[in-house]
Amino acid sequence: MTLAELLPSLGCEASDRLERAGWPPGTRLGADGELIFAGAAVSGLAARFGTPAYFLDEADVRRRAAAYRRALPEAEVAFAGKAMCVRSVLRWVAEEGLSLDTCSAGEIAVARSVGFPAERILLHGNVKTPEDLKAALGYGVGRIVLDSLDEIEQLGALAREGQRVLLRVTPDIDAGTHAKISTGAEGQKFGFSLRPDAADNVDRAVAAVLAQPSLVLTGLHCHLGSQVSRVDKYELAARRMVQVLAGIREKHGVTLTQLDLGGGHAVAYRPGDPEFDLAGYARRLRVALGYECSSRAFPMPRLTIEPGRAIVGQAGITVYRVGAVKRGSRTFVAVDGGMSDNPRPALYGAKYTARLVGRYSRAPHQEMVVVGRHCESGDVLADGIRLPGDIKAGDLLAVPCTGAYHHSLASNYNVVGRPPVVGVRDGVARLLVRRETEDDLLARDLG
Ligand SMILES: *Cc1c(COP(=O)(O)O)cnc(C)c1O
């Protein structure tokens with residue numbers, strides 16, 4: 001505990017204490033406004049690795065993976081690799097006993113390069129290229145989740161005997177999240193419809209898979225979307241999916257043994273954001289599945305769940321250096337990164353906080369906008385946040401909760417190299433992905 005936390009009456013603003021949401025639990029304030037992340041001083045990390053840079057708390061990633069395994073020991077927990085597809089991270093989650101979701105030949109190549117056990121890998125995607133399917137078959141990926149009648153035919157022709165597959169179902173559940181990350185409702189591109197009047201519905205898909213001699217249908221999959229905080233939506237999905245399994249047994253005479261309920265568990269980016277209740281989720285899912293299975297005399301399927309953001313989101317931070325401060329009708333704090341390392345605000349209005357680190361300021365806090373360096377006015381990192389009024393060029397800003405969908409969504413917009421990913425554990429930092437250089441950027445452009 002810091003002096004400011006012990007003695008708030010010393011004249012420090014409440015915001016001079018570390019707000020709990022967003023940061024990994026071990027993060028704390030040191031002397032003189034220093035931020036201690038995974039045991040290391042952030043200003044030292046910034047001096048060593050440069051800015052902008054992503055930092056990831058290894059122990060926190062492992063702790064969250066282990067917490068999922070403990071909460072649902074009977075289930076398979078598959079890390080959604082698209083959230084942070086970095087070799088070291090895949091090693092950590094493999095060591096913690098997790099399985100892995102992939103969506104492309106590239107993600108399979110990363111998994112393969114660290115020897116991620118093939119039987120614990122799933123391949124997803126609403127349209128998989130022949131290269132994706134061949135990469136999965138070449139490595140012997142355990143399950144491929146099929147998403148269209150075309151794909152059933154394509155994989156059927158490519159696969160060897162005994163390839164296990166799941167069917168992705170649209171459970172027609174509105175998970176109450178942003179439209180661009182809502183994937184379980186009717187009218188979006190993923191999954192086979194449950195509606196009998198839909199031409200490509202689940203029944204046709206089951207019949208199509210059963211007609212392929214090389215494929216073995218083992219179960220169903222659904223994914224409601226991302227940043228879902230309501231456990232009752234998962235309860236509803238579990239019950240609906242058991243109903244579908246029972247319907248398939250009745251119509252097609254097959255008893256499927258696997259049920260994959262996807263991921264999407266919400267994390268708090270800012271104080272006040274809803275947190276996902278993992279214990280409540282585990283308990284209520286168990287009850288819902290038990291009830292629905294026993295009332296339909298259906299054997300309890302093996303459950304798979306697929307958290308991505310919930311494993312790595314809060315374990316990561318991004319550190320930027322302020323390049324310019326512009327004071328007018330609003331105060332703009334411009335940093336050396338932006339929508340190329342975090343497109344989430346521009347993509348779906350994601351909201352972030354930021355904190356001055358490496359310097360203690362007594363200046364009263366004022367409302368400001370943290371913006372990036374790119375040539376769009378929508379290049380905003382954190383809008384309407386409160387920062388010390390004396391913030392100036394050269395200061396460091398840390399943004400919490402950037403472990404998921406930052407590195408993996410980063411671009412080279414304005415031919416800016418992507419930031420490094422640095423793993424930190426017990427105060428020791430290690431470069432996991434190096435910074436992209438101008439040589440890297442020029443190498444693909446053949447002139
Ligand atoms: C993206 C995705 C996930 C993970 O979503 P999070 O919000 O990161 O938990 C899980 N399963 C599938 C099929 C996905 O597409």
Side-chain angles (χ1 to χ4, degrees), residues 61 64-65 67-68 71-72 75-86 89-90 93 98-104 107-108 120-128 132 136 141-148 151 165-171 173 175-185 188-192 219-231 233-234 237-238 241 258-269 273-278 281 285 303-316 344 347-348 350 401-409:
V61 172
R64 290 171 200 276
Y68 266 91
L72 278 159
E76 174 187 40
V77 181
F79 171 58
K82 70 178 196 260
M84 175 62 122
C85 194
V86 164
V89 175
L90 300 195
V93 298
L98 269 54
S99 295
L100 180 69
D101 273 10
T102 59
C103 293
S104 69
E107 289 182 356
I108 292 170
R120 276 159 52 192
I121 298 179
L122 296 99
L123 177 67
H124 287 284
N126 69 303
V127 50
K128 301 171 190 74
D132 296 335
V141 157
R143 282 144 294 167
I144 298 176
V145 183
L146 295 168
D147 204 322
S148 68
E151 192 171 80
V165 299
L166 309 183
L167 286 174
R168 179 157 179 167
V169 170
T170 313
I173 294 170
T177 187
H178 192 286
K180 288 183 188 169
I181 49 173
S182 178
T183 58
Q188 49 74 49
K189 68 176 183 174
F190 296 101
F192 289 100
L220 299 180
H221 167 271
C222 72
H223 173 64
L224 301 183
S226 272
Q227 276 298 77
V228 180
S229 55
R230 285 185 51 183
V231 170
K233 299 288 185 180
Y234 289 98
M241 294 295 276
Q258 294 191 351
L259 178 57
D260 184 334
L261 290 177
H265 309 164
V267 302
Y269 285 76
D273 284 355
E275 289 272 9
F276 191 73
D277 172 14
L278 177 57
Y281 166 82
L285 214 54
L303 184 65
T304 300
I305 60 169
E306 308 176 322
R309 190 190 314 267
I311 304 290
V312 289
Q314 291 188 336
R344 298 187 65 257
L347 275 175
Y348 25 74
C401 205
T402 69
Y405 306 106
H406 281 237
H407 169 70
S408 58
L409 277 177

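Any value given below was found using the heavy atoms of this structure, including those in side chains, with hydrogens, waters and symmetry copies removed. What you are looking at is a predicted structure, and each value in this text was computed from that prediction instead of being measured. Order of listing sets the numbers, starting from 1, for every ligand and every atom in it. By convention here, the first residue in the shown sequence is residue 1.
The N/O atoms of G225, backbone and side chain alike, include none that comes under 3.5 Å of an N/O atom in ligand 1. In terms of polar-atom proximity, R309 is counted as a contact of ligand 1, with an N or O under 3.5 Å from an N or O of the ligand. Looking at ligand 1, you'll find an N or O of Y405 within less than 3.5 Å of one of its N or O atoms. Inclusion of G262 in the set of residues having an N or O under 3.5 Å from an N or O of ligand 1 is not warranted. At least one N/O-N/O distance between E306 and ligand 1 falls below 3.5 Å.
Contacts with ligand 1 closer than 4.0 Å are made by no heavy atom of M84, backbone or side chain. Contacts between T183 and ligand 1 below 4.0 angstrom, taking non-hydrogen atoms only, are absent altogether. The side chain of A80, and not its backbone, has at least one atom closer than 4.0 Å to an atom of ligand 1 (non-hydrogen atoms only; side chain from C-beta on).
The contact set between ligand 1 and H221, taken as ligand atoms under 4.0 Å from a residue heavy atom, comprises 13 (C). Which parts of ligand 1 touch R168 is read off a 4.0 Å heavy-atom cut-off, strictly below it: atoms 13 (C).
Partners of H406 by ring pair (Phe, Tyr, Trp, His ring centres under 6.0 Å), not counting sequence neighbours, listed by chain and number: Y352.
Taking the side chain as every heavy atom from C-beta outward, R143 and V165 never approach each other to under 4.5 Å. Contact annotation: the side chain of C222 never approaches that of D260 to less than 4.5 Å [non-hydrogen atoms, C-beta and beyond].
Closest to atom 9 (O) of ligand 1 among all protein heavy atoms lies G264 N, 2.8 Å. Atom 1 (C) of ligand 1 has as its closest protein heavy atom K82 NZ, 1.3 Å. Nearest protein heavy-atom contact of atom 7 (O) of ligand 1 is S226 OG, 2.4 Å.
Of the N and O atoms on the side chains of H265 and Q227, not one donor lies less than 3.5 Å from an acceptor on the other residue. R309 and Y269 form a side-chain donor-acceptor contact under 3.5 Å, judged by distance and modelled atom types alone. Side-chain atoms of Q258 and H221 form no donor-acceptor pair, as typed in the model, at a separation below 3.5 Å. A donor atom on one side chain and an acceptor atom on the other are found under 3.5 Å apart for S99 and E76.
Contact record, E151 with L146: OE1-CA, 3.2 Å, taken as the closest heavy-atom pair.
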T102/V141 under side-chain contact (heavy atoms from CB on, under 4.5 Å): CA gap, chis, key distance, verdict: CA-CA 10 Å; T102 59; V141 157; 5.5 Å; no

